[in-house]
Every structure is written in C-alpha cells, then in structure tokens.
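What follows is one structure encoded as structure tokens, with my remarks underneath.
Start at 1 and go down the list; that is how both ligands and their atoms are numbered.
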Amino acid sequence: MRDTLMLSKDFLQLTLDNPVGLEAFEFTLGQHTQVSVWDTGVIQFEPLVTYEANQESEQDGKEEALKSIVLSSAVHGNETAPIELCDQLITALLSETLIARHRLLFLIGNPPAILNGTRFVEENLNRLFSGAHAKGESNAERVRAKKLEQYVDRFFNAAPKDGSRYHYDLHTAIRASKHEKFAIYPYPHGAPYSGEQIMFLAACGINTVLFHHEPTTTFSYFSAHGYQAHAFTIELGKVMPMGQNDMTRFIAVKEMLTRLVSGRDLELGEFDPSQVNLYQVHRSINKQFDDFSFTFADDVENFTAFPRGYILAKDGGTEIKVEAESESIVFPNANVPVGQRTVLCLVPAKDYRVV
Ligand SMILES: O=C(O)CCC(=O)N[C@@H](CCC(=O)O)C(=O)O
Ligand SMILES: [Zn+2]
C-alpha cells in the first residue's frame with residue numbers, strides 16, 4: 001500500500017479501492033514531511049521540524065507556532081466538490097508541489113457512501129458525533145463516527161499546547177442557495193465568535209455565516225466543543241456528481257487553504273461585518289410525525305425569506321408558521337427520520353460578540 005501510494009500519489013483512489021479497513025502505514029517525503037495513513041480515508045501530514053525548533057525560531061520572530069488543521073470531506077458521500085478539492089490538495093502534498101508547514105489531518109468521512117453515490121448508506125453520519133453513535137443499534141456509519149472521533153482526538157491531543165486548532169468540515173448543499181457558499185458556526189456556549197476566522201472564510205469566498213443556537217451532533221460541533229478548535233461546517237455550493245463540479249468556483253477556497261497549510265501570509269483584514277452576511281439560527285424545526293411536508297417547492301433556494309404567519313410546513317396536520325417578522329430557511333429536507341432537523345430558520349444576527 002505504501003509503495004502504491006508513493007508511486008500513484010492518489011490517496012482518493014487508494015481509499016475507494018479499500019473502502020473499509022485499510023492497514024496503517026507511514027513514510028517520509030524528502031527531509032520535510034512525515035506522512036501517516038491511519039485508516040481508510042485518514043492521512044496525516046506533519047512537518048519534520050521539531051516543535052522545539054519551531055519555538056526557537058518563533059522567538060526569533062521567524063515562525064509562528066505549529067497549527068493543527070483538520071480538513072474533512074465526504075461526511076456525506078454524494079457531496080463531491082469537497083472530495084475533489086481535498087484530493088487536489090493531498091495530491092499536491094504527496095507530489096511535493098505543496099509543502100505542509102503545519103500539522104494536517106485529512107479525513108474522507110464515508111468512503112462506502114462515495115462508492116454508493118449517496119448521502120449515506122444506512123444513517124446520516126453527521127448526526128452521530130459527540131457520542132450519538134453509541135445511542136442505538138450499531139451500523140457502519142456508527143462505527144465510522146466513533147473512529148473519526150478517535151482520529152480527531154489523537155490528532156488534537158498530539159498538538160502543541162500553544163498551537164491553534166482548526167477543523168473545516170467541507171460539504172455541498174442539496175439545494176441551490178441565494179448565498180452560494182456559507183458556513184455554520186457551531187454553538188459556542190457563550191464564547192465570542194472569531195472575527196479572524198470569519199474574515200478567513202470571507203477570503204475563501206464564503207461570505208455568509210450562520211451562528212448555531214444550540215449544541216448539535218455534527219462533526220464540526222464535536223471539534224469545536226471538545227477540542228476548542230475553530231471548527232465550521234462549510235457549504236461550498238450545490239451537490240453535483242463526481243467529475244461534474246466546476247472547480248473554478250473553488251479557486252479562492254483552494255488558494256486560502258493552500259496558504260494556510262503552507263504557512264504563507266493569509267493577508268486578512270480586521271473583522272468587517274459589512275463584508276459578510278451574518279445570520280443566527282432562530283430555531284431548528286424537528287420532524288414530529290412521518291406525515292411531514294413543506295408548503296414550498298423543491299427548487300426554492302436556501303436563504304429564501306418568508307414573512308410572519310406564512311405556513312412553512314405541515315407536521316402530522318399541525319401548521320408550522322413563521323414566528324419572527326421574517327425567517328429565512330436553510331437545509332429544508334422533509335425526508336429525514338422523525339426527531340431529526342427538517343429545516344433551520346434564520347434571522348439576521350444581532351448582539352453577537354466577536355474577538
Ligand atoms: O443541503 C442540505 O439539506 C444538507 C447539507 C448538509 O449536509 N448540511 C450539514 C450541516 C451541518 C451543520 O448544521 O453544521 C448537515 O446537514 O449535516
Ligand atoms: Zn453535507
């Protein structure tokens with residue numbers, strides 16, 4: 001496997017050829033990077049400079065502390081643009097055209113679902129984190145969620161104490177969106193939002209951010225809450241079949257991730273709310289009955305606003321109406337199990353704290 005990967009530089013193909021149970025192996029790239037494959041779809045790149053050396057040069061003002069960066073894709077198997085984007089970055093790293101100056105962990109979330117061409121095989125992986133995988137009958141996604149938690153734990157626990165942590169969980173949305181690219185900021189439990197991160201997202205072309213209003217069982221919340229990482233679920237556009245993504249739409253995000261990984265200056269300005277659309281989640285509407293339907297059409301875009309009193313959905317005969325003066329909908333999906341989120345309703349963010 002080691003020789004196959006060193007020769008082909010194609011980690012995605014290796015992952016798809018071994019959708020479960022790939023044996024761990026490692027190797028070095030030149031004199032600069034330690035590469036460790038931990039499992040199917042799990043690859044770590046670590047700069048071969050000791051942390052102490054980094055600290056010394058930091059004192060000389062030359063280097064910043066080592067960052068630890070998780071980039072995940074394919075938590076939903078049919079969301080292909082993030083898979084292609086991460087594939088390009090991994091191939092560049094393996095080909096040594098891109099050199100990692102920070103610690104990096106790539107996670108290809110659900111390889112069997114990629115092969116299936118579906119969001120998931122048995123169960124939505126992105127509802128199984130923070131231990132939710134243990135609360136029900138086991139299946140492949142529950143096993144994978146537990147392992148992904150362990151890999152994130154191992155990666156962040158080996159991070160230098162003073163190095164910042166990041167987790168960008170990359171997705172694409174089922175529907176088209178009025179704001180093509182947007183990020184979900186996991187509930188921070190009263191902590192302020194990071195203005196620097198919001199400006200980083202804006203520089204990636206992700207100019208819309210939703211502040212979540214409660215804990216969730218998503219992957220980004222797991223890293224944010226459990227490991228104090230700057231973590232986000234990032235929606236890069238609309239779902240497309242593999243190979244049919246217009247990769248020119250991801251030039252800015254690829255450029256900014258490349259800069260981040262390679263330690264180049266990010267050239268971020270001060271936090272400027274005029275450069276971003278900031279929403280807060282007003283409420284999450286969870287499905288109560290199998291007999292659930294929306295009143296609006298399947299092609300209504302994310303971020304469409306509805307006025308107070310408008311009937312958004314019917315749940316077992318109960319009408320669900322817009323409560324605020326106006327609510328914008330995101331991720332409407334009637335086809336989820338009872339108890340799960342069918343839609344998020346948003347209002348413009350106000351009274352938020354940014355540092
Ligand atoms: O387009 C949709 O309906 C779903 C897109 C998607 O997978 N979104 C994530 C958001 C996770 C979060 O709230 O942080 C998901 O539903 O898992
Ligand atoms: Zn997704």
Side-chain angles (χ1 to χ4, degrees), residues 70-86 107-110 113-114 116-121 123-130 132-133 141 144-145 148 167-188 197 201 206 208-226 229-240 242 245 279-287 292 294 296-304 313 328-337 339-346:
V70 177
L71 293 175
S72 51
S73 61
V75 165
H76 294 129
N78 62 340
E79 298 178 5
T80 57
I83 304 171
E84 292 190 53
L85 180 62
C86 289
L107 300 170
I108 302 177
N110 195 343
I114 303 177
N116 229 20
T118 52
R119 187 167 167 80
F120 53 84
V121 178
E123 194 174 357
N124 184 349
L125 181 59
N126 211 19
R127 300 292 176 273
L128 293 175
F129 292 95
S130 300
H133 53 78
E141 266 109 4
R144 185 67 170 171
L148 291 173
H167 180 177
Y168 301 114
D169 183 29
L170 306 175
H171 290 245
T172 49
I174 297 168
R175 296 186 181 228
S177 302
K178 289 191 183 297
H179 308 297
E180 183 189 58
K181 295 183 177 63
F182 57 99
I184 296 102
Y185 209 131
Y187 181 58
Q197 282 299 294
L201 293 169
I206 302 158
T208 300
V209 180
L210 329 184
F211 298 144
H212 220 305
H213 70 316
E214 62 184 4
T216 56
T217 51
T218 60
F219 204 8
S220 61
Y221 176 83
F222 172 75
S223 293
H225 185 59
H230 294 293
F232 301 88
T233 309
I234 294 179
E235 304 288 344
L236 291 175
K238 187 177 184 310
V239 166
M240 296 295 284
M242 190 74 95
N245 294 293
Y279 291 90
Q280 64 195 45
V281 178
H282 174 65
R283 58 185 171 149
S284 171
I285 295 177
N286 290 3
K287 184 168 170 173
F292 181 100
F294 288 109
F296 50 84
D298 284 348
D299 59 358
V300 166
E301 294 174 315
N302 285 321
F303 298 100
T304 298
S328 303
I329 51 108
V330 76
F331 302 142
N333 186 355
N335 191 22
V336 297
Q340 286 198 10
R341 179 197 84 198
T342 59
V343 65
L344 291 177
C345 296
L346 312 175

Rounded to the nearest 10 degrees, what's the angle OE1 of Glu79 makes with ND1 of His76 at the Zn ion (ligand 2)? Could you check? 110°

Can you confirm, on distance only, whether ligand 1 has an N/O atom lying under 3.5 Å from any N/O atom belonging to Arg341? yes

Counting distance only, does the side-chain N/O of Asn126 pair as donor-acceptor with the main-chain N or O of Phe219 below 3.5 Å? yes

Would you say the side-chain atoms of Glu141 pair up with the backbone N or O of Glu123, donor to acceptor, closer than 3.5 Å? yes

Determine, using ring centers only, whether Phe292 and Phe294 are less than 6.0 Å apart. yes

Number the atoms of ligand 1 from 1 as they appear, then name those within less than 4.0 Å of a heavy atom of Glu79, with their elements. 7 (O)

Sub-4.0 Å atoms of ligand 1 with respect to non-hydrogen atoms of Glu235: 5 (C), 6 (C), 8 (N), 9 (C), 10 (C)

Within the structure, does Thr233 bring an N/O atom to less than 3.5 angstrom of an N/O atom in ligand 1? yes

Using ring-ring contact (aromatic ring centres under 6.0 Å, His included), reason through His167 and Phe222 one step at a time and then give a plain yes or no. CA-CA 10 Å; His167 180 177; Phe222 172 75; 8.4 Å; no

Do any N/O atoms on Asn124 end up under 3.5 angstrom from N/O atoms on ligand 1? no

Using a 3.5 Å cut-off on N or O atoms only, is Arg175 in polar contact with ligand 1? no

Purely on distance, is any nitrogen or oxygen of Asn333 under 3.5 Å from one on ligand 1? no

In this structure, atom 1 (O) of ligand 1 is nearest to the protein heavy atom Ile174 N, 2.7 Å

Salt bridge (Lys or Arg N to Asp or Glu O under 4.0 Å) for Glu79 and Arg119? Distances and angles first, verdict last. CA-CA 7 Å; Glu79 298 178 5; Arg119 187 167 167 80; 3.0 Å; yes

Backbone or side chain, does any N or O of Thr172 fall under 3.5 Å from an N or O of ligand 1? no

Could you identify the N, O or S atom of His171 positioned closest to the Zn ion (ligand 2)? ND1

So, 4.0 Å and heavy atoms of Thr218: is ligand 1 close enough to count as a contact? yes

I'd like to check which ligand 1 atoms, numbered from 1 as shown, lie under 4.0 Å from a non-hydrogen atom of His171. 7 (O)

Donor-acceptor pair, distance only, cut-off 3.5 Å: does the side chain of Lys287 make one with the backbone of Ala334? yes

Could you say whether the N/O atoms of Ile184 and ligand 1 ever approach to under 3.5 Å? no

Please identify which atoms of ligand 1 are closer than 4.0 Å to at least one heavy atom of His76. 7 (O), 15 (C), 17 (O)

Can you tell me how far apart OG (Ser72) and CG (Leu170) are? Round to the nearest 0.5 Å. 6.0 Å

Assess whether ring-ring contact (aromatic ring centres under 6.0 Å, His included) is satisfied between Tyr279 and Phe303, documenting all intermediate values. CA-CA 10 Å; Tyr279 291 90; Phe303 298 100; 5.3 Å; yes

Between the main-chain N or O of Ala173 and the side-chain N or O of Glu235, is there a donor-acceptor pair closer than 3.5 Å? yes

When distances are taken from atom 10 (C) of ligand 1, the protein heavy atom at minimum range is Phe331 CE1, 3.6 Å

Can you confirm whether the side chains of Tyr221 and Glu214 place a donor and an acceptor under 3.5 Å from each other? no

